[in-house]
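Below you'll find the structure, written out as structure tokens, and then a few comments.
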Amino acid sequence: MDLVLISLASLLAGGIDSIVGGGGLILVPALFAVYPSTAPATLFGTNKSASVWGTSIATIQYSRRVRMRWAVLLPAAGAALVGSFIGAWVVTLIDPTFLRRALPFILLAVLLYTLAKKDLGRTHAPRHTQERETLLACAIGAVIGWYDGFFGPGTGSFFIFLFVRLLGYDFLNASASAKLLNVATNIAAIALFAMKGHVWWKIGLVMAVANVAGSLIGTRLALKHGAGFVRGVFIVVVGALILKTGYDAFLK
């Protein structure tokens, strides 16, 4: 029964994650609820071992229908991987409590800006030369990759927002691009957790199958309904992240 519940949570998480990120909002609390006595690192590692497959499939699905800017995104993914490793190392030295309390306000600023700029992310119009776009994308990858390794919540949403705001992508192209960078940060995290023995591979495999199924559904919805739909889901997910991170920071 536990595996069924976790698989259902992974299915839903894969769908949400494939559109705008934020699947961890669903799957991580589900893992903690079903396995309350397990070390948090093991649950985080198992979550990553499943979600990386859904994110990878979403990247492939998007790349078939969206024109991915590979010359920009591959270096950015490399920067994200390195940033995630460094962030995971830093978290072993510094308590992330300060970031936990700041995060709800950062997310609120992102949400308010998105709501105020009603045309934000509706039109795909990259605004930089390829060289400048690559540098900016690498900076985004390194900084948000570091954040993902150090703390994590909202990583996909931050990638999407910055690709829209700084690079001129629409929400659909930003979401597709964010998936590739998310794969890189997930691989870095899995490598770290696996080296320390914090992955349940058998449970992760079952969750991965469900996560991939959810990812296929979510990707199809995003490609069918376009940037406006992705923007709407983005607003809902960021709103949920504000509530969740605010509760964790100030009420829990």
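Note that the structure is predicted; figures quoted are calculated from it, not measured.
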Among the clusters formed by ILVMFWY side chains lying less than 4.5 Å apart, do [X] and [Y] turn up in the same one?
X: F159; Y: V66; result: yes
X: I144; Y: L135; result: no
X: L11; Y: W53; result: no
X: L8; Y: I19; result: no
X: L205; Y: L31; result: no

Specify the closest pair of heavy atoms between [X] and [Y], including all atoms of both residues, with the distance to one decimal.
X: S84; Y: A189; result: OG-N, 4.3 Å
X: A58; Y: S18; result: CB-CB, 4.0 Å
X: A174; Y: I160; result: CB-O, 3.7 Å
X: A240; Y: L25; result: CB-CD1, 4.0 Å
X: T42; Y: T46; result: O-OG1, 2.7 Å
X: S7; Y: V206; result: OG-CG1, 3.4 Å

Salt bridge (charged side-chain N to carboxylate O under 4.0 Å, His left out) contacts in which one or both residues fall within residues 60-74, not counting sequence neighbours: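 Applying salt bridge (charged side-chain N to carboxylate O under 4.0 Å, His left out) to every pair that reaches into residues 60-74, excluding sequence neighbours, yields R69-E133.
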Does a side-chain heavy-atom distance below 4.5 Å link [X] with [Y]?
X: V110; Y: F234; answer: yes
X: T134; Y: V72; answer: yes
X: L43; Y: V28; answer: no
X: P29; Y: K244; answer: yes
X: F158; Y: V143; answer: no
X: R231; Y: T114; answer: yes
X: L180; Y: L74; answer: yes
X: T38; Y: F32; answer: no

Could you grab the distance from atom [atom1] of [X] to atom [atom2] of [Y], nearest 0.5 Å is fine?
X: I140; Y: F161; atom1: CD1; atom2: CZ; answer: 10.5 Å
X: L223; Y: L172; atom1: CG; atom2: CG; answer: 6.0 Å
X: I187; Y: F85; atom1: CD1; atom2: CZ; answer: 9.5 Å
X: N182; Y: D17; atom1: CG; atom2: CG; answer: 6.5 Å
X: R127; Y: L136; atom1: CZ; atom2: CG; answer: 10.0 Å
X: S51; Y: I26; atom1: OG; atom2: CD1; answer: 12.0 Å

Could you tell me whether a side-chain N or O of [X] sits under 3.5 Å from a main-chain N or O of [Y], the two making a donor and an acceptor?
X: T219; Y: L216; answer: no
X: T55; Y: V52; answer: no
X: N211; Y: S10; answer: yes

Pair F163 + F171: ring centers closer than 6.0 Å: no
side-chain contact (heavy atoms from CB on, under 4.5 Å) between L111 and L115, intermediate numbers included: CA-CA 6 Å; L111 178 60; L115 291 172; 4.0 Å; yes
Residue R122 excluded, over 12 heavy atoms near CZ under 6.0 Å: yes
Aromatic plane relationship, F105 with F250 - under 30° parallel, 30 to 60° tilted, over 60° perpendicular: perpendicular
Parallel, tilted or perpendicular: ring planes of Y147 versus F151, cut at 30 and 60 degrees: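 Perpendicular, since the angle between the ring planes exceeds 60°.
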Candidate pair S49 and F193, rule side-chain contact (heavy atoms from CB on, under 4.5 Å), full reasoning: CA-CA 9 Å; S49 74; F193 285 125; over 6 Å; no
Passing option when V34 is tested against L3, I6, I203 for side-chain contact (heavy atoms from CB on, under 4.5 Å):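 Of the listed options, the one satisfying the test is I6.
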